[in-house]
Amino acid sequence: MASPGAETEKPGNHNDFVQLCNPHVAAMKEDVLYHFSLSTSTHDFPTMFGDVKHGMGIPSIAIMLHELIKLLYHARCSDVTLIRIGTSGGIGLEPGSVVITRQAVDGCFKQEFEQIVLGKRVVRNTHLDDWLVQELVRCSADLGEFPTVVGNTMCTLDFYEGQGRLDGALCSYAEKDKQEYLRAAYEAGIRNIEMESSVFAAMCNACGLRAAVVCVTLLNRLEGDQISSPHEVLAEYQQRPQRLVGHFIKKCLAAA
Ligand code: R2B
Ligand code: URA
């Protein structure tokens, strides 16, 4: 599954329109995208897709997942695996490390996702598929390109105070409090922090879908809050979960 949102800037000149390496397409009066049941003569592509973007955080991914899971249902898909890939802040890891999530936890380190439904607390399980975790670990070993660990992932409602940063618009704690919190998180098996994994795991569990979360760490939060590595470094880090999951998909296809 694609990660929601452009979490760091993409490489290249990102203001340019997408270019094709095929001179014929621009000269075609109509282009039928057969497998999508779309045609440039019957559908207004710029209006339909020109502004496609995902948001960030639990509400955005939850809305997207409701509709994606219904799409899979209507399409009568079977044996589906969903994988969230993206970025995160690491705890006690070398930046660029990839974390495969065993369990998503909340900001109090609780291994659950709480949703208010009709005014009542509904608590859902956030455990991720153990078999898939092991397969992804094997894929990372096959690639041998970057450090990969299995750990718990803390999912927060905010990037700043919610993740114990000292550089937000609001902050009522000191560096020492932040260090204590992050070190307690580390002791609880948490290796990274992001903003979507808990609802992702909860919804996939509730719908009986096999799921995994694979995020690269952009910084070590024990050493700072700002994401200040050079653009090319961050861009390469961001490709790591894609390379790992790409390898996993190829392996599955080869075995099918
Ligand atoms: C990781 O990075 C984003 C915040 O910068 C958020 O979508 C997440 O989970
Ligand atoms: N994404 C997050 O949610 N937190 C970080 O520190 C980095 C990326």
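Atoms within each ligand, like the ligands themselves, are counted from 1 in listed order. What you see below is based on every heavy atom in this structure, not just the backbone, and it leaves out hydrogens, waters and symmetry mates. Sequential numbering from 1 along the given sequence is applied to the chain's residues.
- In Arg165, the part holding a heavy atom less than 4.0 Å from any atom of ligand 2 is the side chain.
- Ligand 1 is never approached by His54 to a heavy-atom distance shorter than 4.0 Å.
- In terms of polar-atom proximity, Met195 is counted as a contact of ligand 1, with an N or O under 3.5 Å from an N or O of the ligand.
- Contacts with ligand 2 closer than 4.0 Å are made by backbone heavy atoms (N, CA, C, O) of Ile193 only, the side chain lying farther away.
- Ligand 1 has a nitrogen or oxygen under 3.5 angstrom from a nitrogen or oxygen of Thr87.
- At a heavy-atom distance under 4.0 Å, no atom of Gln163 approaches ligand 1.
- Residues Thr40 and Asp31 have side chains that never bring a donor and an acceptor to within less than 3.5 angstrom of each other.
- Taking each heavy atom of Gly86 and Pro241 in turn, the nearest pair found is O-CG, 3.7 Å.
- With hydrogens and angles left out, the side-chain atoms of Gln111 and Thr126 include no donor and acceptor closer than 3.5 Å.
- Between Glu114 and Lys110 no salt bridge is recorded (no basic side-chain N to carboxylate O distance below 4.0 Å).
- For the ring pair (Phe, Tyr, Trp, His ring centres under 6.0 Å) test, no residue two or more places apart in sequence or in another chain qualifies with Tyr173.
- The Leu219 neighbourhood of ligand 2 comprises atoms 6 (O), with distances under 4.0 Å to a heavy atom of that residue.
- Residue-ligand proximity, Ile227 to ligand 2, at heavy-atom distances under 4.0 Å covers atoms 7 (C).
- At under 3.5 Å, a nitrogen or oxygen of Gln163, whether backbone or side chain, sits near a nitrogen or oxygen of ligand 2.
- Sorted by first and then second residue, the salt bridge (charged side-chain N to carboxylate O under 4.0 Å, His left out) pairs with a member in residues 156-176 read Lys176-Glu180; sequence neighbours excluded.
- Of all atoms in ligand 2, numbered sequentially from 1 with element shown, those under 4.0 Å from a heavy atom of Gly89 are 4 (N), 5 (C), 6 (O), 7 (C), 8 (C).
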